[in-house]
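Along the sequence shown, residues are numbered consecutively beginning with 1.
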Amino acid sequence: MKYTQLGRTGLKVSRLVLGTMNFGPQTEETDSHAIMDAALDAGINFFDTANVYGWGENKGRTESIIGNWFAKGGERREKVVIATKVYGNMGADGEAWPNHDKLSAVNIRRAVDASLKRLRTDYIDLYQFHHVDRNTPFEEIWQAIDTLVQQGKILYVGSSNFPGYKIAQANEIAARRGGTIGLVSEQCLYNLFERRAEMEVIPAAQDYGLGVIPWSPLHGGLLGGVLKKQVEGGRRASGRAADTLGDPAARARIQSYEDLLDKHGLEPGEVALAWLLTRPGVTGPIVGPRTAGQLESALRAVELELSEELLSGLDEIFPGPGPSPEAFAW
């Protein structure tokens, strides 16, 4: 496994991030523990989760599965950089009692303590804001975070799904307050098919020293050889991938992508991950395996070297938007 610093921090993390969203809803606890063991054995030390994972009446279940794995000992907790998130409504019925969601100081304090209990640990390495809260000022958010850092409950703070201007706003207010390190990472939707983050989010992250953690690196399976799998009678596309394939132009691009990689004798999913590892500012993509076999495929991407010819071919199929403001002003 290869490692890098998380943004401007001294924290060293693996270039693949183990996503745990499937733990509970799709992968049973025993199999989830086996995947985490395999990831750790392979050198992955960066695990990502969220308080809402488990979904519906099982919100929090994923954190509990991880906590039970930590409790097995063997220095599992000491070896792992655990990242979780706050923002979502934790009510099982889909309705939140006032102040039980988003980023008010009272909810952040409550949510941290609940996550610590489920994770069976006394600190969270990276605490991430799952979404922007347009009703809570950053002065209040940072005041709550400063207290939690002083209490030793969290070490670093990151954002997720933030636009570039909010990354700038958050860190400028943190700097004015003094003594607050501010955001150190941004977790955003970014992959070969969806490159809009290159316009402003990633440049803002780079300027402020945030590590970029792409989620959905295969765009819901779209970049994992979906058309070939359909022909071979494998798992059919669903969700984001199925919606995208309904567009003839998008389907043609995916076919061109698979044809290009077939020519080079490469697996689409592994190339999609390897491409992200070549992108400026990227710490590592989140991989969310449902099985041990899917984890093995992701691990191969770390060692995959992409030729300039192949990279150029990928840019032709999936051109980036270009920098801001040129991308929309000219």
Report task. Could you state whether L103 and L210 fall into the same hydrophobic cluster, counting links through intermediate Ile, Leu, Val, Met, Phe, Trp or Tyr residues with side-chain heavy atoms under 4.5 angstrom apart? Result -> yes
With rounding to the nearest 0.5 Å, note down the distance linking [atom1] in [X] to [atom2] in [Y].
| X | Y | atom1 | atom2 | result |
| --- | --- | --- | --- | --- |
| T20 | M36 | OG1 | CE | 7.5 Å |
| F46 | I286 | CZ | CD1 | 7.5 Å |
| W275 | L304 | CH2 | CG | 14.5 Å |
| K263 | D259 | NZ | CG | 10.5 Å |

Sequence neighbours excluded, which residues qualify as side-chain hydrogen bond (donor to acceptor under 3.5 Å, both in side chains) partners of [X]?
| X | answer |
| --- | --- |
| Y53 | K85 |
| R176 | none |
| Y87 | none |
| R8 | none |

Per-pair distances, 0.1 Å, donor-acceptor, side chain in residues 183-191, under 3.5 Å, sequence neighbours excluded:
residue : atom : partner : partner atom : Å
E186    : OE1  : S159    : OG           : 2.5
E186    : OE1  : S160    : N            : 3.4
E186    : OE2  : N161    : N            : 3.1
E186    : OE2  : F162    : N            : 3.2
Q187    : NE2  : D48     : OD1          : 3.1
Q187    : NE2  : Q128    : OE1          : 2.9
Y190    : OH   : E198    : OE2          : 2.6
Y190    : OH   : R279    : NE           : 3.2
N191    : OD1  : F193    : N            : 3.0
N191    : OD1  : E194    : N            : 2.7
N191    : ND2  : S216    : O            : 2.8
N191    : ND2  : H219    : ND1          : 3.0

**Report entry** salt bridge (Lys or Arg N to Asp or Glu O under 4.0 Å) contacts in which one or both residues fall within residues 12-30, not counting sequence neighbours
**Finding:** E29-R61
Atom pairs and distances, side-chain donor-acceptor, residues 313-321, under 3.5 Å, sequence neighbours left out:
residue : atom : partner : partner atom : Å
D315    : OD1  : R195    : NH1          : 2.8

Report task. Check the pair L227, Y257 against side chain to side chain contact (heavy atoms under 4.5 Å, CB included), reporting the backbone distance first and the verdict last. Result -> CA-CA 10 Å; L227 297 180; Y257 169 68; over 6 Å; no
Query raised in the report: Can any side-chain N or O of N45 pair as donor or acceptor with the backbone N or O of S14 at less than 3.5 Å?
Result: yes
Requested in this report: Verify, without hydrogens or angle tests, whether E139 (side chain) and R177 (backbone) share a donor-acceptor contact under 3.5 angstrom.
Outcome: no
Query raised in the report: Only one of T121, D113, D122 clears side chain to side chain contact (heavy atoms under 4.5 Å, CB included) with K153; which?
Result: D113
Report task. Report the residues that fulfil ring-ring contact (aromatic ring centres under 6.0 Å, His included) with F47, sequence neighbours left out, ordered by chain and then residue number. Result -> W69
Report task. Quickly, which of K72, R76, K79 forms a salt bridge (Lys or Arg N to Asp or Glu O under 4.0 Å) with D37? Name it, please. Result -> R76
Holding to side-chain contact (heavy atoms from CB on, under 4.5 Å), I want the full list of residues that pass it with [X], two or more places apart in sequence or in another chain.
| X | answer |
| --- | --- |
| D247 | A249, A250 |
| E326 | P323, W330 |
| N135 | K102, D133 |
| D125 | R77, V81, I82, Y123, L155 |

Query raised in the report: Which is it for T84 and Y127 under the side chain to side chain contact (heavy atoms under 4.5 Å, CB included) test, yes or no, and what are the steps along the way?
Result: CA-CA 5 Å; T84 191; Y127 201 53; 3.8 Å; yes
